[in-house]
Each structure stands twice: as C-alpha cells, then as structure tokens.
Amino acid sequence: MSCKEHCVKLNDGHFIPTLGFGTYTPDEVPKSKALEATKLAIDAGFRHIDTAYAYQVEEEVGQAIRSKIEEGIVKREDIFLTSKLWCTSLHPDLVQPSLERSLANLKLDYVDLYLMHYPVAMKPGDDLYPTDEHGKLILDTVDFCATWEAMEKCKDAGLAKSIGVSNFNHRQLERILNKPGLKHKPVCNQVECHPYLNQGKLLDFCKSKDIVLVAYSALGTQRYKRWVDQSSPVLLNDPVLGTLAKKYNRSAALIALRYQVQRGVVTLAQSFKEQEMKENAQVYGFQLSLEDMKVLDGLNRNFRYLPADIFLDHPNYPFSDEY
C-alpha cells in the first residue's frame, strides 16, 4: 500500500493511511496474539497500526514493528503508529509522562499520532478503571482544553508527529477549536463508525473543520462479552451487506470497509486471522456504485455497539448528543 495513493493528508501536513489495523486485545485473548497479529498485518500490507495505553499491548505492538524493521520489511517511517492517552492521565502534568511511558513500552522514539482516548477524566493512578469500595468508577474533573495544551507540547517536543482526539462529539471538538491560543488543531476524531452508525452529521462537521474522521469497530466490533451486548445485531450478517457482497464478489466485511473509504473515512479493521487481514487489505481493489453507497447509507440506525456507559455519570459523557 503506497501512501501517496492510499493516504489522506492531515491538517498539519502529515499523511495517514486510509486503512489501519486495530490492536485491541480483550482480556480473554493472550497478549502474545497482539504481537503475532501485528506482524501478520504488516506482512499483509497494513502500514497504519492503531494501539492505546489502555489496550495494554503496547510492548507487543512495538516488538512486532521493530522485528519487521529488523527483517527489512519496513522502515520506521513506513509505519503510521497511533497510541492514546488514557482517562486516568488527563491532568495536564500527566500527559507527557504518559506518552513517554507509552514510548518506553513501544521502545520507539515517537508515535505518528497521539489521541486523547475520551473527553472523560478518571481518578489518576495505576488502575485503568479506578473504583471505590462499592465498585463504582471514580471519575474526575479536568478541563480537556488544558489537557489539549499539554498534548500540543508533546507535538512540539517531537514525541508525537500529530495529535488528535477520540470519542469526542461535535460540541466538544468545537470547544477545542475555539480555545483561546489554540496552537495545533486536532487532526482527527476517532469514533465508532459502521453502516449501523454511519456518523453522517459528525463526518460532515469534521470535514468542514478539516478534521479526519477515523472509524473504529468498522466491522461491528469483535463482540467481546465485556463491552458488547451479545443480543445486538451482527453487522456482517446484514442481508444488504450480503447482497452487495454477492454482487461485487467480495466479503461483507470488504463491502463495509469500502463504504467507509469511499466516504473519506480512515478505517480501522481488526482481526487475528491472517486470511481476513489479507482480504481486508484488498479494500482498494474495487469501487461501490453511487446507488449502492446510498443503499448502505440507508442501513444507518444510530446503533452503538460500544456506548461506554461506564462514563454515563460524567458531565463530559460524549454520546448523549446527537453527534
């Protein structure tokens, strides 16, 4: 995948590959799977790798990238690597130390993109999900505009080439964009996005501000029990996707990915299976007609697989707004 062909230019001049590989690894899957999967993804042609401190696999992801560099398969500059600032580190004085900790895990000098994972702060400390004696999440109040200023310093220090946000609604994005003394605009907003939640309004808003929308759960999630309601509809079983898959002689997953790419959305695909990765990398090999794009638009039902309802009590809970 050459970047000139299959990349989008960010508002700071850097380029992001439009297809990325997600590395979230649930508790029930051994972390070694993340190492193996990231290596396979690079072999399959993925050059955009998305991870996060909260996924707890930065060491494995970094090891996979370094081993592919050592093998001569890629150079560091061929890889676009994203990591994310977790909710327990939104205090401005914790931002750079958190990024430095991620870089130490990755054993790399910089990340290509560093994102604020959510606009929601939790109690600082080593617990990813700090809870009180009743098992209730301990939330915190931090002005994410102050967090953003600390993110800007990380970019200026060269620790992150680009900076952005994740799981922000349009109002929260506006707050950063209208912040007095803004030095660097967010380059992207990474959100759940797939045919059942196509984020049309948020996409239009982001495009109007020269912010790239990045889609996670683009294939309807891996349906991990901890986060996803097991009675929710299985996106890839949708009959419309099935019909289009037959028409184009592609998989339902490829139809869902191609839909995003044609809308100008940077799309993350996750799989632990080599065959699926190779198939997902074929997203550039065909084009959906305008009529079929409209049909896919019609699947939208504003359905969220990952409502992050553990954050519902926080004033910055992002998903109460329409977009």
Side-chain angles (χ1 to χ4, degrees), residues 1-10 15-24 37-50 73-74 78-80 82 188 190-200 202-204 206-207 212-223 233-301 303 305:
M1 279 180 213
S2 102
C3 209
K4 300 211 169 24
E5 270 181 287
H6 303 310
C7 285
V8 175
K9 192 175 187 178
L10 298 169
F15 286 85
I16 184 170
T18 47
L19 182 66
F21 181 73
T23 63
Y24 175 73
T38 305
K39 285 182 180 176
L40 289 171
I42 293 171
D43 287 340
F46 285 85
R47 295 295 177 262
H48 171 183
I49 310 291
D50 181 272
I73 306 291
V74 288
D78 298 332
I79 296 288
F80 188 97
T82 302
C188 72
Q190 185 183 122
V191 293
E192 179 178 343
C193 185
H194 43 74
Y196 286 169
L197 179 71
N198 72 20
Q199 300 280 17
L202 187 59
L203 176 59
D204 289 344
C206 286
K207 282 182 175 174
V212 169
L213 195 80
V214 180
Y216 68 76
S217 300
L219 302 177
T221 77
Q222 300 270 0
R223 305 183 69 78
V234 178
L235 176 72
L236 295 183
N237 291 348
D238 189 283
V240 172
L241 284 175
T243 302
L244 290 177
K246 281 198 188 76
K247 175 178 172 179
Y248 288 92
N249 197 22
R250 299 292 196 284
S251 66
L254 258 186
I255 301 293
L257 294 176
R258 181 69 208 177
Y259 168 66
Q260 298 288 23
V261 167
Q262 277 183 226
R263 301 166 78 217
V265 173
V266 168
T267 308
L268 304 175
Q270 190 187 17
S271 175
F272 290 111
K273 297 178 182 153
E274 184 175 14
Q275 191 45 47
E276 289 178 354
M277 292 177 203
K278 286 180 173 167
E279 188 181 274
N280 292 343
Q282 304 305 309
V283 71
Y284 304 110
F286 70 110
Q287 190 144 11
L288 297 167
S289 71
L290 281 175
E291 295 75 32
D292 290 334
M293 287 294 288
K294 286 201 181 85
V295 168
L296 288 167
D297 280 338
L299 289 180
N300 183 53
R301 43 174 99 172
F303 176 76
Y305 286 101

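Side chains are part of it too, since the values below use all heavy atoms of this structure and drop only hydrogens, waters and symmetry mates.
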Presence of salt bridge, Asp292 and Lys247, under 4.0 angstrom
yes
Go through the structure and list residues passing side chain to side chain contact (heavy atoms under 4.5 Å, CB included) with Lys273, not counting sequence neighbours.
Ser271, Glu276
Residue pairs meeting salt bridge (Lys or Arg N to Asp or Glu O under 4.0 Å), one or both in residues 250-267, sequence neighbours left out, come to none
Without swapping roles, check the side chain of Thr243 against the backbone of Leu241 for a donor-acceptor pair under 3.5 Å.
no
Between Phe303 and His194, is the gap from one ring center to the other below 6.0 Å?
no
Tell me every residue that passes side chain to side chain contact (heavy atoms under 4.5 Å, CB included) with Leu10, counting only those two or more places apart in sequence or in another chain.
Asp12, His14, Ile16, Phe80, Ser162, Val187, Val212
So do Gln190 and Leu213 actually touch side chain to side chain, heavy atoms under 4.5 Å?
no
Considering only heavy atoms from C-beta outward, does the side chain of Asp297 approach that of Tyr259 to under 4.5 Å?
yes
Main chain of Asn300, side chain of Asn198: is a donor-acceptor contact present, judged purely on distance under 3.5 Å?
no
Within the side chain of Gln260, is there an N or O that forms a donor-acceptor pair under 3.5 Å with the backbone of Thr18?
no
With distance as the sole test, does Arg47 use its side chain to make a donor-acceptor pair with the main-chain N or O of Ile42 at under 3.5 Å?
yes
Examine distances only and state if a side-chain atom of Ser217 and a backbone atom of Gly220 form a donor-acceptor pair shorter than 3.5 Å.
no
